[in-house]
Amino acid sequence: MKKIEAIIKPFKLDEVKDALHEVGIKGITVLEAKGFGRQKGHTELYRGAEYVVDFLPKVKIEVVVDDNAVERAVEAIQQAAYTARIGDGKIFVYPIEEAIRIRTGETGADAI
């Protein structure tokens, strides 16, 4: 099993969710996040004062999938989140040792 974490632009969430659903991913976790990468934020003007907005709004998606679904899921996220502009985000893939469904006690791939 693998855990896929994707940090994307908030307005791309619905497209990514739909793309994951199309490739057979049943459940995802979504968290609101703030951060910056190479773009390092931007400057805004508020009531005549200039200030730096260095943490931009992002969405973090977490999905745990069986090993044979990793490539499809990563490809779906990458294509759906793509805008060709700076700040499109990142995808990380981690190994998962074990998964346990609390309600039923199922383990491994049955739990996801």
Side-chain angles (χ1 to χ4, degrees):
M1 292 179 295
K2 300 279 194 249
K3 178 180 181 181
I4 301 169
E5 286 185 3
I7 299 164
I8 63 169
K9 293 181 176 184
F11 67 89
K12 285 295 200 171
L13 177 59
D14 285 336
E15 290 176 50
V16 171
K17 181 187 69 148
D18 292 343
L20 286 171
H21 184 71
E22 284 179 25
V23 295
I25 306 302
K26 296 175 185 163
I28 66 173
T29 301
V30 177
L31 301 123
E32 290 184 21
K34 290 185 180 189
F36 65 90
R38 291 185 184 159
Q39 82 263 34
K40 296 191 178 60
H42 61 276
T43 304
E44 286 190 4
L45 194 62
Y46 179 71
R47 294 190 178 184
E50 198 173 272
Y51 66 99
V52 176
V53 178
D54 53 358
F55 290 104
L56 301 172
K58 301 287 180 181
V59 171
K60 181 178 176 182
I61 298 170
E62 297 179 348
V63 182
V64 177
V65 298
D66 208 14
D67 287 334
N68 59 12
V70 172
E71 194 174 317
R72 287 191 322 265
V74 167
E75 205 171 282
I77 294 168
Q78 193 170 4
Q79 289 176 1
Y82 180 79
T83 68
R85 294 195 203 117
I86 195 164
D88 272 355
K90 300 265 188 312
I91 301 172
F92 305 99
V93 180
Y94 306 96
I96 296 292
E97 289 185 34
E98 185 64 90
I100 302 159
R101 185 180 308 240
I102 295 172
R103 179 177 55 87
T104 62
E106 292 170 298
T107 60
D110 293 335
I112 58 172

What distance do [X] atom [atom1] and [Y] atom [atom2] have between them, rounded to the nearest 0.5 Å?
X	Y	atom1	atom2	result
E32	L13	CD	CG	9.5 Å
F92	E62	CZ	CD	12.0 Å
T29	K3	OG1	NZ	8.0 Å
E75	I91	CD	CD1	10.0 Å

Expected output: side-chain [X] to main-chain [Y] donor-acceptor under 3.5 Å:
X	Y	answer
K58	G87	yes
D88	T83	yes
D67	M1	yes

Over all heavy atoms of both residues, which pair between [X] and [Y] is shortest? Give the atoms and the distance, please.
X	Y	value
V63	G27	CG1-O, 3.9 Å
I8	A81	CG2-CB, 3.7 Å
A111	A99	CB-O, 3.6 Å
I4	I77	CG2-CD1, 3.8 Å
A80	A19	CB-CB, 3.8 Å

State plainly whether one hydrophobic cluster holds both [X] and [Y], where clusters connect Ile, Leu, Val, Met, Phe, Trp and Tyr through side-chain heavy atoms under 4.5 angstrom apart.
X	Y	value
V64	I7	no
V23	V30	yes
I96	V93	no
I61	L31	no
V70	L20	yes

What do you reckon, is OH of Y82 surrounded by more than 12 foreign heavy atoms closer than 6.0 Å?
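No, OH of Y82 has 12 or fewer neighbouring heavy atoms, counting only those of other groups under 6.0 Å.
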
Contact list for residues 103-112, test side chain to side chain donor-acceptor pair (under 3.5 Å), sequence neighbours left out:
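Those involving residues 103-112 are R101-E106, T104-E106.
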
